[in-house]
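In this text the structure is predicted, and so the values were computed from the model without any measurement. Letters A, B, ... mirror the listed sequences (proteins, then strands); counts begin at 1.
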Number of protein chains: 2
Amino acid sequence: MPAAELDAIDMKILTLMQKDASLTTAELAEKVGISQSPCWRRIQRLQGEGYIKGQVVIVDREKLGFHMQIFAQVKMARLSDEERQTFFRGVENIPEILECYTVFGEMDILMKVVAPDVKWYQQFIFSSLMKLPGVQDIRSIVTLSEAKHTTAVPLKPRQFQ
Amino acid sequence: MPAAELDAIDMKILTLMQKDASLTTAELAEKVGISQSPCWRRIQRLQGEGYIKGQVVIVDREKLGFHMQIFAQVKMARLSDEERQTFFRGVENIPEILECYTVFGEMDILMKVVAPDVKWYQQFIFSSLMKLPGVQDIRSIVTLSEAKHTTAVPLKPRQFQ
DNA sequence: TATGAAAAGATAATCCC
DNA sequence: GGGATTATCTTTTCATA
């Protein structure tokens, strides 16, 4: 059974909940112009159909001492299936790697890493990253400032005319 | 007044809430081995002191048709303060740009963009990105697969011996 | 089939120890 | 930090359109 399309009210609900998931259903209902029960049922449906994957708190990494964000591009050696598995399981278990992608182009992997400082990051490269199988070369893009950072995705592809 | 350090129980709470913020305070309390009221008070404190910045729902971008993720590296012209402001206000208002950083190195800006498909992304570059002031060159890193993606940050810098 | 009102149940928030 | 109480919100039920 394919999930139905989202209507304007669903989108309003998702927009609000992507910003603040602590709103009560009554508050949400009022903001989107319907009453409590249908609003609650819509949220249930959005969860059931998988539009909403979960609910998390956003923690302030700076307050916890992670002042740096680095995008590390990794060049990989050819790996056996088993080595690849070991590599990605390793990535999964390194908490400072927040995101990891395989990519097109010169490099093979792009990952977002958080670190307290440069010295720590250098140790991280040698003590963690390079210990993973197949890592041949690492090129790091250090961020200077964060101009935008949101977990909210657009709800509908824009049309360019 | 500087915020106190986090103890082991605070960290357990944050770890759990970074994974699932829909847990009730009673459930959290049980999991971390204290009772309801002190657990609730800790959560309030963690919010008050800014360790918890907010609570959001995570939406499935694939289900909404955003099948691509691209890291766009942008080379910028020298800009006046006013132009810079216009640029970053533009970035803020483009919903497909989820993250934007100023970076060290060859390029000046790194941004994470979501897109439905390649054709859309091409139009996006010409209709949105290039319309921003100062954009001289764009190099795109297209992701092939997402091996890891979490909003959960580590709570304590690891020590490498 | 969808809605809204209202009851029932669960949880959050407060109080006192 | 814990236990008990109250206030608030969530979830279910049911009558209605």
Side-chain angles (χ1 to χ4, degrees), chain A residues 1-61 63-65 150-153 155-156, chain B residues 1-60 63-65 150-156:
Chain A
M1 183 162 77
E5 291 284 299
L6 301 180
D7 67 14
I9 295 175
D10 288 335
M11 290 196 190
K12 278 189 197 170
I13 292 173
L14 287 179
T15 300
L16 290 164
M17 295 185 83
Q18 281 197 114
K19 276 203 215 105
D20 183 2
S22 70
L23 292 168
T24 66
T25 50
E27 287 169 320
L28 279 169
E30 201 217 318
K31 281 177 199 287
V32 305
I34 58 177
S35 69
Q36 220 164 332
S37 322
C39 184
W40 181 82
R41 282 190 289 258
R42 275 170 189 268
I43 296 167
Q44 298 302 120
R45 180 171 48 73
L46 291 170
Q47 279 170 345
E49 289 175 349
Y51 288 102
I52 294 174
K53 292 206 288 187
Q55 194 166 327
V56 299
V57 297
I58 302 299
V59 164
D60 189 333
R61 71 182 163 78
K63 269 195 88 87
L64 297 167
T150 179
T151 53
V153 299
L155 301 177
K156 200 181 178 66
Chain B
M1 184 163 77
E5 290 285 297
L6 303 180
D7 67 13
I9 295 176
D10 288 334
M11 291 198 189
K12 279 188 197 172
I13 291 173
L14 286 179
T15 301
L16 290 164
M17 293 186 84
Q18 282 196 112
K19 275 203 214 105
D20 183 3
S22 70
L23 292 167
T24 65
T25 50
E27 286 170 321
L28 279 169
E30 201 218 316
K31 281 177 199 285
V32 305
I34 59 178
S35 68
Q36 223 164 330
S37 336
C39 184
W40 182 82
R41 282 192 293 256
R42 278 171 185 266
I43 295 167
Q44 295 304 308
R45 180 172 47 76
L46 292 169
Q47 280 172 344
E49 289 176 348
Y51 289 103
I52 294 174
K53 292 207 285 187
Q55 192 167 327
V56 299
V57 297
I58 302 299
V59 164
D60 189 334
K63 270 194 87 86
L64 297 168
T150 179
T151 53
V153 298
L155 301 177
K156 201 181 176 65

Handout entry: For S37(A), all residues meeting side-chain contact (heavy atoms from CB on, under 4.5 Å), sequence neighbours excluded
Key = R41(A)

Handout entry: Backbone of K31(A) reached by a side-chain donor or acceptor of K12(A) within 3.5 Å
Key = no

Fill in the blank from the handout: Here the residues of residues 31-43 of chain B within 4.0 Å heavy-atom distance, strictly under, of DNA chain C are Q36(B), S37(B), W40(B), R41(B)

Problem - Nearest-angstrom distance from the residue atom CG of D10(A) to C1' of dA2(C) - result: 14 Å

Practice task
Report yes if the side chains of D10(A) and R45(A) come closer than 4.5 Å at any heavy-atom pair, otherwise no.
Solution key: yes

Exercise for the section: With sequence neighbours left out, write down each residue that passes side-chain hydrogen bond (donor to acceptor under 3.5 Å, both in side chains) with D60(A), or none if nothing qualifies. Expected result: none

Handout entry: Boundaries of the DNA chain D segment in contact with chain A, non-hydrogen, under 4.0 Å
Key = dC9(D) to dT12(D)

Exercise for the section: Grab the two heavy atoms, one from C39(B) and one from L28(B), that are nearest each other, plus how far apart they are. Expected result: SG-CB, 3.9 Å

Handout entry: Sidechain-backbone polar pair: Q18(A) side chain, V153(A) backbone, donor-acceptor under 3.5 Å
Key = yes

So which protein nitrogen or oxygen atoms get under 3.5 Å of nucleotides 7-10 of chain C's nitrogens or oxygens?
none

Practice task
For the residue pair M17(A) and I43(A), establish whether any side-chain heavy-atom pair is separated by less than 4.5 Å.
Solution key: yes

Handout entry: Over 12 foreign heavy atoms within 6.0 Å of CD, Q44(B)
Key = yes

Handout entry: By side-chain contact (heavy atoms from CB on, under 4.5 Å) - contacts of S35(A) (at least two apart)
Key = P38(A)

Completion exercise
Atom CD of Q44(B) and atom P of dC15(C) are separated, to the nearest Å, by 13 Å

Handout entry: Heavy atoms of other groups near E30(B) CD, more than 12 under 6.0 Å
Key = no

